[in-house]
Protein chains: 2
Amino acid sequence: MKDLQVIAFDADDTLWVNEPFFREAEDAFCGLLEEYLPAHTTNRELFAVEMKNLPLYGYGIKAFTLSMVETLGRITEGRAPYRLVERTLAIGREMLEKPVVVLEGVAQTLEHAARSHRLVLATKGDLLDQERKLEKSGLADYFHHIEVMSDKGTANYRKLIAHLDCAPAHFMMVGNSVKSDVIPVLELGGHAVHVPFHTTWVHEEATFEADHPRFRRAETITDLLDYLA
Amino acid sequence: MKDLQVIAFDADDTLWVNEPFFREAEDAFCGLLEEYLPAHTTNRELFAVEMKNLPLYGYGIKAFTLSMVETLGRITEGRAPYRLVERTLAIGREMLEKPVVVLEGVAQTLEHAARSHRLVLATKGDLLDQERKLEKSGLADYFHHIEVMSDKGTANYRKLIAHLDCAPAHFMMVGNSVKSDVIPVLELGGHAVHVPFHTTWVHEEATFEADHPRFRRAETITDLLDYLA
């Protein structure tokens with residue numbers, strides 16, 4: 001693909017494992033409340049609290065932990081013993097301390113792509129947490145710029161692309177979320193590659209008609225190298 | 001001052017009121033625990049928990065709220081009723097919803113400085129929260145770039161200055177914290193202006209010998225205009 005200058009990569013569930021850790025945490029949290037409610041009901045309540053809090057808290061593990069603590073109160077009608085609060089805080093802390101599991105093919109893909117293109121990381125979540133994961137991943141040196149965004153809508157992508165001094169037509173985004181990584185970038189005139197991951201957060205689910213001239217759906221991230229060739 | 005290209009401003013307690021809102025929140029939190037401990041002891045315990053959590057949680061209101069929730073457990077020996085947790089979450093939420101109070105002289109100073117220099121905002125804290133405050137402040141248009149940093153040490157300043165395509169000698173930082181806004185920037189060869197604020201978080205306190213060729217201590221932020229003239 002000629003004229004392509006910058007390739008931006010999503011991080012969570014594109015470069016490394018993330019959503020499965022949230023699912024694990026949700027399971028542990030629902031387990032704490034089993035004597036009050038069945039797990040799927042707790043999970044639904046937690047999701048409702050997360051969505052209510054999203055405009056105020058944003059994304060990331062700290063926001064998620066605060067929403068779990070709030071859900072404790074809802075489900076127990078304000079009678080949760082502090083012991084449950086303590087265990088909920090521990091679930092959040094453990095998430096922040098997880099090792100980083102880099103996905104298959106990622107290091108090889110970045111290494112090749114970095115030879116011919118400027119690579120940037122474009123992610124949302126907690127700033128410190130994303131920096132720490134990048135550090136632990138051993139992938140930091142491939143990236144020319146790290147952008148942690150409060151949300152991945154068109155306005156923030158427009159700012160990022162302008163900031164990179166790059167026309168949208170020379171920009172490509174690679175990620176696992178159709179909603180966050182594909183649709184806004186195509187809307188701005190950029191290229192997008194969807195690399196599906198086996199687990200997607202309900203909030204990120206979106207359907208997308210794959211027939212678009214600047215869009216590709218990859219089977220694995222290494223397919224990117226064929227597109228660039 | 002000639003050859004100066006970029007002026008970076010700290011945000012909290014430099015452009016707008018911040019620390020007094022944390023103090024108010026601490027008072028409210030200590031008030032919740034009055035039947036357990038005197039306020040100053042609770043406050044000391046909270047600070048200890050915040051410092052313990054800083055490497056994991058970073059800065060900002062969500063981190064602070066999680067530390068308050070944890071402190072509840074410490075002070076009540078794990079027996080805090082959920083009602084206290086609920087009120088603690090409410091203290092955090094109210095902080096996030098505070099109006100932005102721009103400090104005197106700030107708008108005028110930015111307006112003048114922006115005519116001759118590139119202005120950037122360099123702050124730490126929650127990304128979403130800082131973006132929201134900038135939006136509410138009405139000051140966003142003065143800034144060419146917004147940098148939310150996980151911490152304000154020399155490594156992050158070095159990245160920022162490189163990223164701005166600016167030599168340290170052409171860079172000036174303006175802020176209320178000697179530790180975060182002055183010392184690391186002077187160390188890198190940049191200029192720094194300290195604009196003291198009446199309230200400083202203990203963690204940001206530092207002494208600084210004011211006799212340095214690239215350092216100025218301003219009485220108010222408008223003094224900056226005299227330095228630039």
Side-chain angles (χ1 to χ4, degrees), chain A residues 49 52-90 92-97 124-132 135 144-151 155-156 159 162-163 165, chain B residues 49 52-70 72-90 92-97 123-132 135 144-151 155-156 159 162-163 165:
Chain A
V49 171
K52 170 183 80 68
N53 288 337
L54 192 56
L56 197 63
Y57 288 161
Y59 295 94
I61 293 172
K62 286 181 285 186
F64 178 67
T65 307
L66 287 169
S67 289
M68 285 193 289
V69 173
E70 184 175 338
T71 304
L72 284 178
R74 287 208 183 189
I75 283 178
T76 62
E77 290 171 342
R79 284 190 289 268
Y82 189 82
R83 177 181 55 82
L84 293 184
V85 175
E86 203 157 31
R87 297 198 38 199
T88 301
L89 292 178
R93 252 195 311 269
E94 279 160 28
M95 291 177 81
L96 288 168
E97 284 166 341
K124 59 193 179 192
D126 284 327
L127 179 61
L128 179 64
D129 187 40
Q130 293 294 8
E131 286 183 356
R132 184 166 32 213
E135 191 58 45
H144 169 267
H145 175 73
I146 315 302
E147 184 85 5
V148 181
M149 300 149 97
S150 55
D151 80 87
N156 276 336
K159 266 192 245 169
H163 177 72
D165 235 343
Chain B
V49 172
K52 171 184 79 67
N53 288 336
L54 193 55
L56 198 63
Y57 288 161
Y59 295 94
I61 293 172
K62 285 181 287 186
F64 178 67
T65 307
L66 287 169
S67 289
M68 285 194 290
V69 172
E70 184 176 338
L72 284 179
R74 287 209 183 190
I75 283 178
T76 62
E77 290 170 343
R79 283 190 289 267
Y82 190 82
R83 178 182 54 81
L84 294 184
V85 176
E86 202 157 30
R87 295 191 48 194
T88 301
L89 292 178
R93 253 196 309 269
E94 279 160 28
M95 292 176 81
L96 288 168
E97 285 166 340
T123 176
K124 59 192 178 192
D126 284 327
L127 180 61
L128 179 63
D129 188 38
Q130 293 294 9
E131 287 184 356
R132 186 167 31 215
E135 191 57 44
H144 169 266
H145 175 73
I146 314 302
E147 185 84 6
V148 180
M149 299 149 95
S150 56
D151 80 89
N156 276 336
K159 267 193 246 171
H163 178 72
D165 234 344

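The number of heavy atoms from other shown groups lying within 6.0 Å of CZ (A:R74) is above 12.
For the atom pair A:K159 NZ and B:I146 CD1, the distance stands at 7.5 Å (nearest 0.5 Å). Distance check: A:L89 CG to B:L66 CG gives 6.5 Å after rounding to the nearest 0.5 Å.
The contact between B:R93 and chain A is made by backbone and side chain atoms together, counting heavy-atom distances below 4.5 Å. When heavy atoms are compared at a cutoff of 4.5 Å, A:E131 approaches chain B solely by way of its side chain, counted from C-beta outward.
Between chain B and the residues A:T65, A:V69, A:I61, A:N53, the most heavy-atom pairs under 4.5 angstrom are made by A:V69. Of all the listed residues (A:G92, A:G78, A:P81, A:G58), the one sharing the greatest number of non-hydrogen pairs under 4.5 Å with chain B is A:G78. The choice from B:E70, B:M149, B:E86 that makes the most heavy-atom pairs within less than 4.5 Å of chain A is B:E70. Top candidate by heavy-atom pairs under 4.5 Å with chain A, chosen from B:H145, B:K124, B:Q130, is B:H145. Comparing B:L96, B:D151, B:L84 by how many heavy-atom pairs each has under 4.5 Å with chain A, the most go to B:L96.
Distance alone, capped at 3.5 Å, is enough to place a donor-acceptor pair between the B:R132 side chain and the A:L56 backbone.
Within the 4.5 Å cutoff, side-chain heavy atoms of A:K62 are placed close to those of B:D126. Side chains of A:Y82 and B:V85 form a contact here, defined as non-hydrogen atoms less than 4.5 Å apart.
Side chain to side chain, A:H163 and B:H144 fail the donor-acceptor criterion of an N or O pair below 3.5 Å.
Considering all non-hydrogen atoms of both residues, B:L127 and A:V148 come closest at CD2-O, 3.2 Å. Listed here is the closest heavy atom pair of B:S150 and A:L128: CB-CD1, 3.8 Å.
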